[in-house]
Colleague: 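Have a look at the structure that comes next, please.
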Amino acid sequence: MSLGTILIILLILLLIGAVPAWPYSRSWGIYPSGILGVVLVIVIILVLMRAI
């Protein structure tokens, strides 16, 4: 596995974990998953451009 593939898998798992599904995390809104989503998109773009 390349570094880019490992980063994408890790970020997808973090994105799933950041979804506000529990009662105490519903007040967080979309901020944790939104930030991780943006990071995931940036990493995917870098992998496609073969920068990573």
Colleague: Which residues satisfy the side-chain contact (heavy atoms from CB on, under 4.5 Å) test with I45, sequence neighbours excluded?
Modeller: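 If we apply the side-chain contact (heavy atoms from CB on, under 4.5 Å) test to I45, skipping adjacent residues, the hits are V41, M49.
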
Colleague: Should V47 and I12 be counted in the same cluster of Ile, Leu, Val, Met, Phe, Trp and Tyr side chains packed under 4.5 Å apart?
Modeller: yes

Colleague: Is there a continuous path of hydrophobic side-chain contacts, each under 4.5 Å between heavy atoms, that joins L10 to I35?
Modeller: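 Unlinked, L10 and I35 end up in two clusters.
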
Colleague: Can you name the side-chain contact (heavy atoms from CB on, under 4.5 Å) partners of I6, sequence neighbours left out?
Modeller: M1

Colleague: Between CD1 of I8 and CG of L3, what distance do you get to the nearest 0.5 Å?
Modeller: 10.0 Å

Colleague: Sequence neighbours left out, what passes side-chain contact (heavy atoms from CB on, under 4.5 Å) with I42? Give chain and number order.
Modeller: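 Applying side-chain contact (heavy atoms from CB on, under 4.5 Å) to I42 gives V38, L46.
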
